[in-house]
Number of protein chains: 2
Amino acid sequence: MVSMADKRVTLADVAKLAGVSKQTVSRVINDSEHVTPETRERVLQCINVLGFRPSALARQLSTGRSYTLGVVSCGGFGYLATGVAYLGMVRQADKMGYALLSKELTEFGPNAIQAMLDFMMERQVDGLIWAGPEIGDSHVWLNEFDPSTLPMPMIVVNASQRGLIDTVAFDNCESGRIATEHLLSLGRRKIGHISGPMSRWVARQRVIGWQQALDAAGLPECKEYFFEGDWEPATGGRGLRRLREICPELDAVFVSSDRMALGVLHEAHRIGLRIPEDIAVIGIDNAPESEFMIPPLSTMTQDTPAMAECALRLLIRRICERRGDPYPPLCAEAEDPILHHELVLRESTLGVKR
Amino acid sequence: MVSMADKRVTLADVAKLAGVSKQTVSRVINDSEHVTPETRERVLQCINVLGFRPSALARQLSTGRSYTLGVVSCGGFGYLATGVAYLGMVRQADKMGYALLSKELTEFGPNAIQAMLDFMMERQVDGLIWAGPEIGDSHVWLNEFDPSTLPMPMIVVNASQRGLIDTVAFDNCESGRIATEHLLSLGRRKIGHISGPMSRWVARQRVIGWQQALDAAGLPECKEYFFEGDWEPATGGRGLRRLREICPELDAVFVSSDRMALGVLHEAHRIGLRIPEDIAVIGIDNAPESEFMIPPLSTMTQDTPAMAECALRLLIRRICERRGDPYPPLCAEAEDPILHHELVLRESTLGVKR
DNA sequence: CTGAAAGCGCTTACAG
DNA sequence: CTGAAAGCGCTTACAG
């Protein structure tokens with residue numbers, strides 16, 4: 001039983017009240033030129049009187065455009081950076097008149113992925129953002145994937161570059177190199193690394209950057225001073241212990257997340273190691289906490305919202321391209337899909353300023 | 001120019017190929033009883049052959065149900081807890097067959113709120129989740145708000161209880177009381193508090209809990225030892241300095257977020273205060289970092305995903321109620337919309353175990 | 001500038 | 001068990 005009050009006000013109701021055709025009402029709500037000012041005014045008043053809100057659903061069905069973007073994530077909101085990325089996307093989407101539809105992927109078999117794609121296609125999203133961290137085998141299908149078989153454009157965030165698929169990502173290899181070079185510039189020569197899970201592209205890239213810097217400095221033996229963590233603090237502490245077993249003279253460590261670096265600082269404090277006198281520590285992320293760690297943590301900043309916004313602009317460009325629509329102002333010009341981390345130096349490498 | 005390949009396969013195409021009516025195809029995809037096994041089989045094969053995916057849009061338009069829930073947030077994904085809450089919602093929504101449509105509110109005038117409601121109504125969401133932190137005046141409209149004027153049910157997360165609006169929230173007042181009682185149980189008698197922004201309901205409730213515990217202990221004078229922070233670490237440090245000006249003999253502080261507590265620990269370390277010997281510190285959140293702070297932080301855990309899931313179940317109950325539909329299994333029984341924090345005790349109040 | 005008709009891709013009574 | 005018709009609320013050519 002639907003009460004009369006719940007009855008939706010439609011375009012037809014407005015047309016009847018205004019004494020015009022539905023077509024004319026449609027012209028008014030779509031800001032078409034071909035309406036006399038008086039007619040327009042009258043229609044607008046009727047819209048107000050009735051409290052008419054056009055149904056986006058009906059419009060989507062007839063135009064074939066949903067102004068909705070699908071966002072696929074994989075457990076990521078548990079990480080601050082992913083939350084921040086999502087916030088950046090929501091804001092940018094809002095600015096450009098798009099809504100975001102979220103879908104969380106918990107497993108990565110072909111079935112689950114197909115189900116996700118079906119979900120997005122059923123809801124006719126205009127574009128797709130793959131925003132999960134790149135997890136081992138879960139992304140192999142992307143390698144063979146021809147995005148043109150999809151009815152809508154798709155873009156991948158913070159994953160490895162692939163032939164046909166647009167990607168927006170940080171240059172994590174460069175970041176690893178820069179962090180390591182900083183440690184080298186301090187005169188450190190026994191530089192270890194605690195990585196994120198090697199199933200992650202981001203983690204692997206940073207390892208490569210670290211190795212490149214070591215090779216360039218003529219210290220290939222340091223590549224042995226390696227420990228694989230899981231992004232979380234506990235593995236930072238374990239990593240430090242293990243690295244010192246491998247190399248008792250370890251004098252610096254590049255840690256692939258600020259959270260794990262916290263674990264390193266904690267363990268160092270526990271066993272009485274001085275940071276940075278005994279061991280210099282640099283992280284990556286620039287978490288809000290890092291400035292207040294003991295000692296304050298050197299790290300690398302990433303502008304996550306910028307990455308999110310860049311991804312959205314690029315995706316909307318692709319959508320317009322495919323449909324032959326003009327680009328909206330906010331994404332008129334092409335931009336570089338590669339973003340860069342920047343060094344933030346604090347006491348954990350520099351020591352106390354005097 | 002749309003290529004033939006892009007032409008959507010519709011129910012009518014399937015019907016033609018299978019030699020049945022659209023109606024029959026509809027029955028098959030909706031698992032209706034009244035189809036002979038042979039017909040069903042033939043239709044299913046045609047669906048497969050053509051790769052038919054029903055349009056959720058068209059279905060939504062004719063049924064009036066979108067199986068989409070609107071989530072309104074306010075800058076919140078910048079906080080880990082909000083990201084985790086969103087993750088909980090996405091997962092629960094998925095389990096129950098709903099999608100989530102996100103909208104970020106950046107200002108709180110009546111216009112912005114109306115625009116948000118319009119957006120949600122245009123897209124015909126089945127229900128609305130107000131998941132922004134409760135910010136001062138931004139929520140006054142909720143006080144006078146009669147949710148029955150909305151075409152869909154709405155639910156508010158982690159905000160103050162209101163007459164007609166369903167709310168799912170932690171008992172933050174209780175949490176403040178319990179944290180303070182813990183400090184009292186250690187024999188502390190000069191117990192300060194660093195709060196979150198007083199524009200936030202959550203922050204105010206915790207202040208009240210702290211005050212209640214002080215009154216019950218006969219220590220009302222401690223209510224003067226108060227500093228308003230902003231959730232971020234820097235205000236923790238500033239708060240500690242200020243509280244010690246007000247009360248040089250301060251021997252404990254209850255801090256309204258683990259992030260601010262980190263600032264307290266940092267400042268204490270800087271000025272040589274011993275934690276907990278000189279000052280016991282307890283936070284609230286149980287952030288992943290807290291266990292690895294120096295010293296490890298006593299705090300209160302909140303099961304944010306549980307709150308998110310509870311909110312979703314309740315909202316879907318309300319949706320079914322309004323439409324006279326039966327409850328889905330996952331939300332068949334009513335549940336308590338009040339959640340509770342739990343103490344997690346570590347060295348910052350207990351000291352080193354021997 | 002304005003309107004009548006057909007269509008977007010489904011579902012919902014109503015018949016048979 | 002199966003189908004023809006009307007409808008969900010818009011927009012898109014096509015006329016006038």
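Keep in mind the model is a prediction, meaning the values are calculated, not measured. Residue numbers begin at 1 in each chain, while the letters A, B, ... track the order of the sequences.
In terms of position along DNA chain C, the nucleotide closest to A/T39 lies nearer the 5' end than the nucleotide closest to the other residue of the pair A/T39 and B/L61. Across the interface with DNA chain C, nearest-nucleotide mapping of B/S55 and A/G19 shows A/G19 to be the residue nearer the 5′ end.
Between the CZ atom of A/R59 and the C1' atom of D/dT11 there is a distance of 9 Å, rounded to whole Å. Taking atom CD1 of residue A/I47 and atom P of nucleotide D/dC10, one finds them 10 Å apart after rounding to whole Å.
Listed pair A/S26 / D/dT11 meets the phosphate criterion, a side-chain N or O lying under 4.0 Å from OP1 or OP2. The phosphate of D/dT2 has OP1 or OP2 within less than 4.0 Å of a side-chain N or O from B/T36. For C/dT11, neither phosphate oxygen OP1 nor OP2 lies less than 4.0 angstrom from any side-chain nitrogen or oxygen of B/T63. Between B/S21 and the phosphate of D/dG3, there is a side-chain N or O to OP1/OP2 separation shorter than 4.0 Å. Between A/S62 and C/dG7, a side-chain N or O to OP1/OP2 separation shorter than 4.0 Å is absent.
No contact: B/R65 has no heavy atom under 4.0 Å from any strand. Counting any heavy atom pair closer than 4.0 Å across all strands shown, A/R40 reaches no nucleic acid atom.
Defined by atom type and a distance below 3.5 Å, a donor-acceptor pair is present between the side-chain atoms of B/E104 and B/S73. B/S55 and A/E122 form no side-chain donor-acceptor contact under 3.5 Å, judged by distance and modelled atom types alone. No side-chain N or O of A/Y98 forms a donor-acceptor pair with one of A/S66 less than 3.5 Å apart. Side-chain contact check for B/T68 and A/R123: at least one donor-acceptor pair (N or O, by modelled atom type) lies under 3.5 Å. Looking at A/Q60 and A/Y67, their side chains never bring a donor and an acceptor atom within 3.5 Å of each other.
The side chain of B/Q23 sits closest to C/dT12 out of C/dC14, C/dT12, D/dG9. With D/dC10, C/dC10, D/dC14 as the candidates, the nucleotide lying closest to the side chain of B/A58 is C/dC10. Nearest nucleotide to the side chain of A/T24, out of C/dC10, C/dC1, C/dG3: C/dG3. The side chain of A/K22 lies closest to D/dC10, out of C/dG9, C/dT2, D/dC10. Distances from the side chain of B/R27 to the nucleotides C/dC10, C/dG3, C/dC14 place C/dC14 closest.
Remark: D/dA4 base-pairs with no nucleotide in the shown strands. Criterion, Watson-Crick or G-U wobble with two distances under 3.5 Å.
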